[in-house]
There are 2 protein chains.
Amino acid sequence: MTENLKWQITSDSLDASQLLVDETLFHVANGYIGVRGNFEEGYPNHYNTIRGAYINGVYDISEVKHGEKLHGFIDSKQKIINITDVQGIKLYIAGEKFSLFDGKVLNFKRILDMREGIYKRQILWESPKGHIIEINIQRMASFIKPELFVIDYTVRSINYEGEIVFVSTQKGDVFNYFDPTDPRVAGELEKHLTVETIDIQKDIGIITSITNKSHIRVTSAVKHVVSSQHELERIQDDKSSTTKIRLYIKAGQAQRLVKYCIFTDSVRFSDCHQAAIDKMEEVLETPIEQLYQLQKVYLSAFWDKADVVVNGDDRLQQGIHFSLFELLQSVGKDQYSNIAAKGLSGEGYEGHYFWDTEIYMLPFFLLTDKALAENLLNYRYEKLEAARENARILGHKKGALYPWRTISGSECSAYFPSGTAQYHINADIAYMFVQYYFVTGDLDFVESKGAEVLFETARLWMDTGHYVEDSFRIDAVTGPDEYTCIVNNNYYTNCMAKYNLKWAVKFYELLKENNRIEHLAQKLGITEEEVNEWQQAAEKMYLPYDEKLDINPQDDSFLSKAIWDFENTPKDQYPLLLHYHPLYIYRYQVCKQADTVLAHFLLEDEQKLSTIKKSYEYYEKITTHDSSLSTCIFSIVAAKLGEIRKAYDYFMQTTRLDLDNIHHNTKDGIHTANMGGTYMGMVYGFAGLRIKESGIFFNPVIPEQWKSYEFKICYQGRMIKIHVNQEQSHYTLLEGKELKIHVYDQEYILNDDIIIKI
Amino acid sequence: MTENLKWQITSDSLDASQLLVDETLFHVANGYIGVRGNFEEGYPNHYNTIRGAYINGVYDISEVKHGEKLHGFIDSKQKIINITDVQGIKLYIAGEKFSLFDGKVLNFKRILDMREGIYKRQILWESPKGHIIEINIQRMASFIKPELFVIDYTVRSINYEGEIVFVSTQKGDVFNYFDPTDPRVAGELEKHLTVETIDIQKDIGIITSITNKSHIRVTSAVKHVVSSQHELERIQDDKSSTTKIRLYIKAGQAQRLVKYCIFTDSVRFSDCHQAAIDKMEEVLETPIEQLYQLQKVYLSAFWDKADVVVNGDDRLQQGIHFSLFELLQSVGKDQYSNIAAKGLSGEGYEGHYFWDTEIYMLPFFLLTDKALAENLLNYRYEKLEAARENARILGHKKGALYPWRTISGSECSAYFPSGTAQYHINADIAYMFVQYYFVTGDLDFVESKGAEVLFETARLWMDTGHYVEDSFRIDAVTGPDEYTCIVNNNYYTNCMAKYNLKWAVKFYELLKENNRIEHLAQKLGITEEEVNEWQQAAEKMYLPYDEKLDINPQDDSFLSKAIWDFENTPKDQYPLLLHYHPLYIYRYQVCKQADTVLAHFLLEDEQKLSTIKKSYEYYEKITTHDSSLSTCIFSIVAAKLGEIRKAYDYFMQTTRLDLDNIHHNTKDGIHTANMGGTYMGMVYGFAGLRIKESGIFFNPVIPEQWKSYEFKICYQGRMIKIHVNQEQSHYTLLEGKELKIHVYDQEYILNDDIIIKI
């Protein structure tokens, strides 16, 4: 693998099932729009394809039916929608239609270049009649102009002279994906978007559609720019518009069509139709090559801050780059959007935002791009009122309960035992508000947003838990492990709730000390007495501990269950949730993912190291990692425990999950949380970073397989570079004032740089 | 209340909401067919009505959708269907249509006579034009000819002379009930039955329909017999047939139309169309008055065996009669049917059979009509194969798991935490097979059916439970209390499973002693080793016990939860399940119904009386009785504990539940289990009857409000009468050889009769 290939994802597969995966891997996105990597010219009829484009935060409402609908069960949910299809460009050479499934494919390669932010398709093709052409297509979702998606299509003739025709389409008649071979979705083709207007203004084809139930408008505007003299013909019906472009080509000559596509929506723009025209005109003012250059500059700055370099394993390096790049492609960059579980690469999990954002993805942004991190937290603050309403639905008289999965703020989970019951999402969000405060020291943000979120989530814990004698307990919730549902005193939940309560108190005191509490206390009706109750509940929080095993039981009843019969479970029965009734799974000690082990990472000071070690060993034996959120956490805790080989193995299972389609469902979209997990595995795992109230801590280790690794982080106005090789770790203060750091629990003042033996 | 009224239910209400309730209360049924008490002439358009007729065991398949469908969730369920509507008879007097909502109602009364087995409607009506007529309509679902439902319609003119016209309809175009004002069911009008053929043979109008998905045929045959000379005209379309009958009437004269309706189905008859004609011809051979007489004779025999007499409270007596009569109306009398939760009186619970049959209703039949009890157990035996399949769906490699709710044998519960997870249904069924053996001593039945059911259910417990050190534990099931779901070691479940395992062993040994085990052991592959495992698990069964409180906790975690805030729960928030999210309810100590207390009744020897007393007192405080299966059990245990006043209060809440529409949903059908509970309250509660391996036991008490009570039971070939008054209890052997009985734990030989002071 050359240096270049560490920065590129490539494929030359025309295999039907890999094409579905490649549609995901080669999608382009910028956090606002995402377009799957479908072939412009289409596929043979019998090929299944998930042709899609999405806007972050643009959704329709889907009805939810329940076999038995109990009180508070959701009636409807949000669902990301497939928007206007602008991907279509057919090419005709003397009447022969270009297709990779006809004629001879002399060369075919697709490349995602992560430094350029461009996805390319390179083809050398001989038509059935013997005409040979070279095709280069590149796509970009611009980070600079977020509304812009562009297809840049170049044809070079090798041996043909004559007419070529581009037939470019803009289709408003789109559906969300469904699989007609799957009986569970057959006949459930969901039509969410209806074309309202279709017209041409200033040579720009414009379609404005509206979602059926959420009444959100989406406009697509398309402008074709052609390299040389041509004839242009438009055909339009009430749902789509087709542009035919006729050109003359000579052998050795190239022709080029640039299809500019602008997407706007009524969530962001009061008149999205006009906004699309305006944005298009604005974009056209800049030459395309300059837009590519700006993309590269943007990414260069990104990689400069965010790159994690590993020397000694190029495939791993490729996996890391892909993970970080996908995080950037996926993250919402305005207050209307967050990060969907599949980013903007597919319709899996319906475009919903989960706790994945806070616990798995926010750390990356927090350490590399404060503004993006702040935006993600702003989103949660904006949804606080919806979380209050959700708490009322769940029976709580006070506080706010963030929904398990959502786009616009209301609960979208239709199976509450492994959805809504995961109350820990409240504490997960609170945890990241606190981490944000640690990293930025931004008291204004605490005052304006963070404190309110912590106070309202703290209130929810008070209304959920209760005292048994002298201990505060939380019953009937579900922890991160979805193979064990609705339990009492889930260790993770109680631990995190304790932290939530503790920091609600600390934020209160912090603001009080600074004379900044009055307004908020008044607004929320918070009294000192209430704050004392939080303090007391945090102190008295019950954390299950088993003396005999010296571990933290996952919940009150976990250890009394039988251990799953792993020995007699065939490999093809994983993931278990696809092969066993949940009731059967609930009966056993078996974990889908890190639960107690995750608590041992996030709140490591709650337990002795020996207990963490025993817990880790105990849960390792019974965890299937059927969730993509699991191996990264085991890797981090293994690294902490000095189990470098284990940490390495878990990490390697994490980093290429989508590139190697390990979970067999990458066709439905990337696993964004796992990509965040890849970052965390490096930074929190191998480098042992922890950010606490008491400062910044490193505990670097390095697997024997690597020569060295290196990354930068931003912390309290500084930028620090960390380099670790087999002999030493090296800390360099790149920006900002000197600061105290801790390495292997030893305190140092980092001024210029420090080198410490490993 | 006169003597007569103890045997009659009456109403004169024309109030819209009470009419819906009266449709249920005045339904007529015989265990095969049931017809709701709708007015033949109909209602004003704006009246809501649930017009229905049902055949026990005749169902269609309904699709079940889930918001999130996990492995093993049901795709479809059975649903009782509304069959051909034969209730319509309109009456015209000189062109004026008779209606209780027009003209003047001079007299109106409906009467259900429980000794005659007839429902009557008596009307004196003056038409808007001043014609006065008297109408007497009576309906019967014949116990002698189960396919027969008859409407016997007599008009007497007071002051009118001229033509009267009956317009009688038979409508094949029927739907299951839906409520257009309820958004959850709007637009979900379910059409299950499609007319196949409609014709007239031998003056009989016949409609044969077929269910859409289960492909069950239903035939209705209607024959009109008119009192005097008339003109008859038929109008027929492809879905219904109408018969117009013109008669001449004079003042003082009466005219009578008898509408014979026969229902047959393809579950019971290979050619139900022909069977309906045959049955009709057979019925017509017997004069109608004789059919009425036979009905009375049948009921006379029933009451002779089954009546429970209470002197001193006529309203109570009426409630008891209604309960027993409804049990008789509801009980399936062939192998294809059981007892639906709403009998044949409505569509509530979709006509499903639950554990209600075994634990609440079978005792009545077992003690009064062995054949009916045997039939109910036969039904379960017939469904054993389906129960094996259900166990596989739930992940079990061996054994059988009876579905929580079903008609044809497969699971119909769409919310498994309070449905399928109620594994105790297995032990409930086993328990009644054992009770049946105690009462009948029928070893043939044990050999042919009972043992197989007990062996297969025992196997399921072995596959569900596991050992923790020296105790056998059962995790992740739900007990009878549906406000606490998916728990470990539910006391009721473990207790009942223990009994199930113990009696599987005993049945094995019993058959072995009699050299009757070989065939069955071979068929099922049962070894002595396996039987020993059952024995051991029964002995080692873990039964939660709290030493401090001296009670049996409902499950492992029950006592550690907070107690529901009853004080601050407004009355209109009950039943809780309609006002709180299940997750909220699960978080608290609050019971929908008797759970541990039920175990203390069914298996009273498992605990010391003091523990039972403490348990009863504990659970009493936290039980809402939101289920209709609860107060009867609390009454029985209160009686056992000598809390006669409490027993009386709970009993009085039980006996008139439907007559007084206490649960506000009698319109959807009667609560059959509660009616069984009424019987049990008397016999097991006040009389303190218990039937055990060691014999028959009485512990009679009597509330101060009553003079006396009396009933008969059949036991091991004897019939015994029990009479209890304020001074003494009196046992009379009416049939059979002398036997040993126990009264207040004292042993007696009952030969002729025994009187014992109270």
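Chain letters run A, B, ... following the sequence lines, proteins first and then strands; every chain starts at 1.
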**Request:** Evaluate the ring planes of Tyr467(A) and Phe472(A), with Trp represented by its six-membered ring, and classify them as parallel (under 30°), tilted (30 to 60°) or perpendicular (over 60°).
**Result:** perpendicular
**Prompt:** When only pairs under 4.5 Å are counted, which of Ala421(B), Ser560(B), Gly72(B) shares the most heavy-atom pairs with chain A?
**Reply:** Ser560(B)
**Asked** Is the shortest distance from a Lys or Arg side-chain nitrogen in Lys65(B) or Asp75(B) to a carboxylate oxygen in the other one below 4.0 Å?
**Response** no
**Prompt:** Which class fits the ring pair Trp564(A) and Tyr580(A): parallel under 30°, tilted 30 to 60°, perpendicular over 60°?
**Reply:** perpendicular
**Request:** Could you check which of Ala414(B), Gly419(B), Ala476(B) has the highest count of heavy-atom pairs closer than 4.5 Å to chain A?
**Result:** Ala476(B)
**Item:** Max heavy-atom pair count under 4.5 Å with chain B, selected residue of Leu576(A), Ile486(A), Val468(A)
**Value:** Ile486(A)
**Request:** Check each atom of Tyr423(A) against the heavy atoms of chain B and say whether the ones under 4.5 Å are side chain, backbone, both or neither.
**Result:** side chain
**Asked** Hey, which of Asp556(B), Ile585(B), Asn488(B), Val64(B) has the most heavy atom pairs under 4.5 Å with chain A?
**Response** Asn488(B)
**Message:** At a heavy-atom distance under 4.5 Å, which candidate from Arg473(A), Lys561(A), Lys77(A), His66(A) has the highest pair count against chain B?
**Reply:** Lys561(A)
**Request:** Name the region of Gln573(A), side chain, backbone, both or neither, that has any atom closer than 4.5 Å to a heavy atom of chain B.
**Result:** neither
**Item:** Trp404(B) side chain near Glu411(B) side chain, heavy-atom distance below 4.5 Å
**Value:** yes
**Message:** Measuring from atom OG of Ser410(A) to atom CD1 of Ile393(A), what distance do you get when rounded to the nearest 0.5 angstrom?
**Reply:** 7.5 Å
**Asked** Relative to chain B, which segment of Leu583(A) carries a heavy atom at a distance below 4.5 Å: side chain, backbone, both, or neither?
**Response** both
**Request:** Assess whether atom OH of Tyr349(B) is packed by more than 12 heavy atoms of other residues, nucleotides or ligands within 6.0 Å.
**Result:** no
**Asked** Which answer fits His466(A), side chain, backbone, both or neither, if we ask what part of it has an atom under 4.5 Å from a heavy atom of chain B?
**Response** side chain
**Met541(B) side chain near Leu501(B) side chain, heavy-atom distance below 4.5 Å** = yes
**Item:** chain B contact via Thr464(A) - which portion, at a heavy-atom distance below 4.5 Å
**Value:** both
**Request:** Name the region of Phe416(A), side chain, backbone, both or neither, that has any atom closer than 4.5 Å to a heavy atom of chain B.
**Result:** side chain
**Message:** Under 3.5 Å, is there a donor on one side chain and an acceptor on the other for Ser62(A) and Asp60(A)?
**Reply:** no
